[in-house]
Amino acid sequence: MEDTNSLIEQRKAKLAALRAKGIDPFQNKFTPTETCKQARDNYVESREVALAGRITAHRDMGKSMFIDIRDQSGRIQAYAQKNVLGDEQFHIFQHLDLGDFIGVKGTMFTTKTGEISVKIGGVAAAPSQPSGDGASPLPPFVILAKALRPPPAKYYGLEDTEIRYRQRYLDLIANPDVKDVMLKRSAIIHEIRNFFHERNYVEVETPAMQAIPGGAAAQPFKTFHNALGCEFYLRIALELYHKRLLVGGIDKLFEIGKNFRNEGLSRRHNPEFTMLEAYCAFGDYATMMETVESLITTVAQKVLGSLVIEHPLKCRFKKELNNSIIKLKYLHKKLIEDFNKSLINSDVTTEAYLDFNTVFSASMRELELLSHPNNKTPLNQAIQQARKSFINCSMEGNFFRLSPGMEVTKKEVDGYTEEFVSFITQILPQFDSLKNEAGAIPPESLNKVIDLTTWRRAKYNDLVTEKAGANWFTLSAAERRQKAHDMGAEIGKEFEDFEVTNAVFSKFIEPTLIQPTFVTHLPKELVPLAKLSPDDPTTVEVFECCINGQEISPGYTEQNDPIAQRTTLEHQAGGEQQKLDEDFLVALEHGMPPAGGIGIGIDRLCMMLLGQESIRDVILFPQLKPK
RNA sequence: GGGUUGGUAGCUCAGUCGGUAGAGCAGUGCCCUUUUAAGGCAUUGGUCGAGGGUUCGAGUCCCUCCCAACCCA
């Protein structure tokens, strides 16, 4: 970023001016007595405090001035007065910029309007200061770090998604909701660690650079170690090293770490993502089901204080949503008024069309803001409907192409009038329904609610027949293929029968599993690395825990038969010996205790718990193409 | 990989048939000692994502490319 503009130049000039006065606006240290929040919480009139933070707003009153100071805990208002600071200091204070870090010393007070604030200055010199003739009092404020670039706007926040992701620090400054999500993510991971430590699990760290990337079927990233002169891969799973540790006698272990998969990016996929894996010797998949349920409910309770999680229509834009609805209501009213007026006068001029056009454009904009394809709420559907109608009308209607000063014949005007009347007639009911939807439905019921108090357990085949018909498994393979195709599933030509069924599961069942569901008794073909169910050898002892329409966590009774494991791994490697992790197989041959294992995608768990629709909104620095 | 939408001032956004580049906030200057999206007056600020093309003239039309978001695979 080499761009320069006048705003940066101005700030650099201010920096130079400060330096010329012998002030270094980049300090090494400042010790606040407390955080901004603590100062407000422990309010005592006239109590002396020292606070530090970033200046996020200022209100200049001439001979006095208010600023907002913000640290991680929150904001507090500070008040500076010319007759307290003196002309010189007050002048410097007035020329502070938004974004500067400042430390202030002063006393607490409450303003006329009742806001708890700190009055800068008026604090006696600290005893530790060198005393004597020239003992200078503590400076009432210290510039701790001058910001040379302007911060994002205070009111609108930062909307540009690209800047939000590329310069996340600006996002964190401008959008408090974003910071809240990221802090909660940290709390979630903290509570996950607590959970396992309390259950006497050992936290381990295993190699991220692996000679043979195993434990999952995914494309790895490749790298090269110069000194060793060989290639390494970034891990795609933690599993195989954890099992080596089970062999080594670490019976209960977990790891939270990054996995890397060289595949596509999407709303749910980041090339590097955080994975939790945990293994429990002498347990099985049922043990792990209990663990997952207990883990997620414990974390939700501790971090969110509730087991009922609401996903707002669009978390971050809640404020904008409310504003948009208000604007829409206004526009709706205006449309009706204008329309009635034009009907009464029955002489519609070009200017009147232009007014309509303006209202129309503004309406379109609001609808676009409100539209979010990921939301299937009734309100959103009404919005999509209204948008479609708008677009159709704009395609057909000529009245949008009128402009000021344009000469129009009577005949044309009549034609446009007719078009416009038909357009309005068509669109008004939609506006009405939209208004009613927005007005009548309480905001809570627009939200998706995930209830973690009830965890359903369902067999894979039962879920399939529920959706695809009771006769699904009695059909011939060809009939199943046809039916899946008719239902709209994408069926590859080379798909085996179980893959056809699974395509139906992935497309039509998994997305509907919003409430916590353990899908069990998966067909053995689907999960070749798991152990067969003793009660039904066509299925395996595996669960997939689905919440929020996504698989959050798979769990296994782990394969500990080295010969069976070798066969499946060889089959997976497709005869390519170099892809076979021989060292792992040797470990198994030394004997691995029976064990249950789970993996949990932390990013997706955070999406679910924090109501975020995109994985990028729970990762501080999501991967983007370099500019 | 395919489709859709978008990229205009530091930020949020307008920009109508192709005809001198706009607003609010931020910034700068002046006024104002309890304001809080402070207020009043004045004012600065742009390679309109990049590069070609059409045109007397392009933010606007055409082509190519870059970046992003969303949808699909």
Side-chain angles (χ1 to χ4, degrees), chain A residues 1 3-11 13-14 55-68 75-85 90 94-95 97-99 109-119 147-167 170-171 173-175 263-267 314 319-320 323 350-351 353-358 360-362 364-365 368-369 371-375 384 387 391 398-408 488-490 492 503 506-507 613-614 616-617 622-627:
Chain A
M1 289 223 182
D3 59 318
T4 57
N5 62 49
S6 61
L7 295 178
I8 296 174
E9 291 309 315
Q10 276 172 4
R11 284 169 180 247
K14 286 183 179 180
I55 300 174
T56 57
H58 53 31
R59 296 172 285 282
D60 189 347
M61 308 288 297
K63 293 187 179 63
S64 72
M65 187 168 173
F66 291 96
I67 62 169
D68 286 352
R75 69 168 271 283
I76 193 165
Q77 176 171 266
Y79 182 53
Q81 292 160 292
K82 193 170 190 172
N83 62 359
V84 174
L85 295 187
F90 190 72
Q94 276 186 308
H95 287 79
D97 283 312
L98 292 182
F109 79 110
T110 307
T111 65
K112 265 187 196 169
T113 52
E115 173 149 359
I116 291 174
S117 310
V118 54
K119 195 176 288 179
L148 296 182
R149 288 171 183 269
K154 61 179 174 185
Y155 181 64
Y156 294 102
L158 183 65
E159 295 286 343
D160 186 315
T161 47
E162 196 171 345
I163 296 178
R164 284 189 48 229
Y165 294 150
R166 287 190 197 279
Q167 294 177 270
L170 295 180
D171 195 22
I173 292 169
N175 299 316
E263 293 166 358
L265 288 72
S266 82
R267 200 165 62 78
K314 201 175 178 190
K319 190 177 74 185
E320 284 81 354
N323 290 345
T350 309
E351 282 63 37
Y353 282 121
L354 282 176
D355 284 346
F356 289 135
N357 197 350
T358 307
F360 173 83
S361 307
M364 272 302 283
R365 217 190 111 53
E368 273 171 39
L369 275 176
S371 303
H372 195 282
N374 298 330
N375 280 289
Q384 301 283 3
R387 251 196 101 183
I391 291 166
N398 279 323
F399 50 91
F400 303 112
R401 305 196 189 102
L402 291 175
S403 63
M406 195 174 161
E407 295 289 328
V408 207
E490 306 279 337
S506 304
K507 174 134 187 175
E613 295 292 333
S614 168
R616 297 183 190 98
D617 290 327
Q623 206 57 247
L624 296 181
K625 198 163 180 171
K627 269 204 133 169

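Just so we're on the same page: letters track the sequence lines, and every chain starts at 1. Because the structure is predicted, anything quoted here is derived from the model rather than measured.
- Both the sub-6.0 Å distance and the 45° axial angle are not jointly satisfied by A/Lys119 relative to the ring of A/Tyr79.
- Counting to the nearest Å, the C1' atom of B/C67 and the CG atom of A/Asp160 are 10 Å from each other.
- Comparing B/C70, B/G10, B/A68 against the side chain of A/Arg267 picks out B/C70 as the nearest.
- Base pairing annotation: B/A23 forms a Watson-Crick or G-U wobble pair with B/U12, both donor-acceptor distances under 3.5 Å.
- When the P atom is compared between B/A26 and B/G10, the two are found 16 Å apart, to the nearest whole Å.
- Contacts of A/Arg75 with the nucleic acid, taken as non-hydrogen atoms under 4.0 Å apart, include base atoms.
- For the C1' atoms, the distance linking B/A38 with B/C31 amounts to 14 Å, nearest Å.
- Note on A/Arg164: every side-chain N or O is 4.0 Å or more away from OP1 and OP2 of B/C11.
- A/Ile163 comes within 4.0 angstrom of the backbone, heavy atoms only, and of no base.
- Place A/Pro626 and A/Lys507 on RNA chain B by their nearest nucleotides, and A/Pro626 ends up nearer the 5' end.
- For A/Glu115, the side-chain atoms get nearest to B/U35 when compared with the rest of B/A68, B/U35, B/A26.
- Look at the P atom in both B/U36 and B/C13: the space between them is 26 Å, to the nearest Å.
- Of the nucleotides present, B/A68 is the one that pairs with B/U5 by Watson-Crick or G-U wobble criteria, both distances under 3.5 Å.
- Counting to the nearest Å, the P atom of B/U36 and the CE atom of A/Met65 are 15 Å from each other.
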Query - Stepwise side-chain contact (heavy atoms from CB on, under 4.5 Å) test for A/Thr111 and A/Gln77 - result: CA-CA 10 Å; A/Thr111 65; A/Gln77 176 171 266; 3.6 Å; yes
Requested in this report: Could you check A/His58 against A/Phe66 for side-chain contact (heavy atoms from CB on, under 4.5 Å), going step by step and ending with a plain yes or no?
Outcome: CA-CA 6 Å; A/His58 53 31; A/Phe66 291 96; over 6 Å; no
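- Within the 4.0 angstrom heavy-atom criterion, only backbone atoms of the sugar-phosphate kind lie near A/Glu490; the bases stay farther away.
- OP1 or OP2 of B/A68 sits under 4.0 Å from a side-chain N or O of A/Arg166.
- Remark: the separation of the C1' atoms in B/C25 and B/A9 is 12 Å, to the nearest Å.
- To the nearest angstrom, P of B/A68 lies 16 Å from CG of A/Leu158.
- Not counting sequence neighbours, the partners of A/Gln94 by the side chain to side chain contact (heavy atoms under 4.5 Å, CB included) test are A/Asp60, A/Met65, A/Phe90.
- Taking atom P on both nucleotides, B/C48 is separated from B/A42 by 30 Å, rounded to a whole Å.
- Side-chain atoms of A/Asp617 and A/Tyr165 include a donor-acceptor pair closer than 3.5 Å.
- Spacing between B/C72 and B/G51 at atom P, rounded to whole Å, works out to 35 Å.
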Requested in this report: Carefully, step by step, assess A/Asn175 and A/Leu158 under the rule side-chain contact (heavy atoms from CB on, under 4.5 Å).
Outcome: CA-CA 7 Å; A/Asn175 299 316; A/Leu158 183 65; 3.9 Å; yes
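- With sequence neighbours excluded, the residues forming a side chain to side chain contact (heavy atoms under 4.5 Å, CB included) with A/Arg166 are A/Glu162, A/Leu624, A/Lys627, listed by chain and number.
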Protein and nucleotides 29-34 of chain B: nitrogen or oxygen contacts under 3.5 angstrom:
| from | atom 1 | to | atom 2 | distance (Å) |
| --- | --- | --- | --- | --- |
| B/C32 | N3 | A/Gly62 | N | 3.4 |
| B/C32 | N4 | A/Gly62 | N | 3.3 |
| B/U33 | OP2 | A/Lys63 | N | 3.3 |
| B/U33 | O4' | A/Ser64 | OG | 3.0 |
| B/U33 | O2 | A/Tyr79 | OH | 3.2 |
| B/U33 | O2 | A/Gln81 | NE2 | 3.2 |
| B/U33 | O4 | A/Asn83 | ND2 | 3.0 |
| B/U34 | O2 | A/Lys112 | N | 2.8 |

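- Here the separation of B/G24 from B/U44, taken at their C1' atoms, is 16 Å to the nearest Å.
- Rounded to whole Å, the separation between the P atoms of B/A21 and B/G29 comes to 29 Å.
- Distances from the side chain of A/Glu159 to the nucleotides B/U35, B/C70, B/U12 place B/U12 closest.
- For A/Arg616 against A/Pro622, the heavy-atom pair with the smallest separation is CG-CB, 3.8 Å.
- Proximity note for A/Glu162 (side chain, C-beta onward) versus B/C70, B/A69, B/C67: the nearest is B/C67.
- Phosphate contact (OP1/OP2 of B/A38, side-chain N/O of A/Arg59, threshold under 4.0 Å): present.
- Atom C1' of nucleotide B/C66 and atom NZ of A/Lys625 are separated by 8 Å, given to the nearest angstrom.
- Remark: B/G59 base-pairs with no nucleotide; criterion is Watson-Crick or G-U wobble with both hydrogen-bond distances under 3.5 Å.
- Partner assigned to B/U28 is B/A42, using Watson-Crick or G-U wobble distances below 3.5 angstrom.
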Report task. Given side-chain contact (heavy atoms from CB on, under 4.5 Å), test A/Ile55 with A/Asp68 step by step and report yes or no. Result -> CA-CA 6 Å; A/Ile55 300 174; A/Asp68 286 352; over 6 Å; no
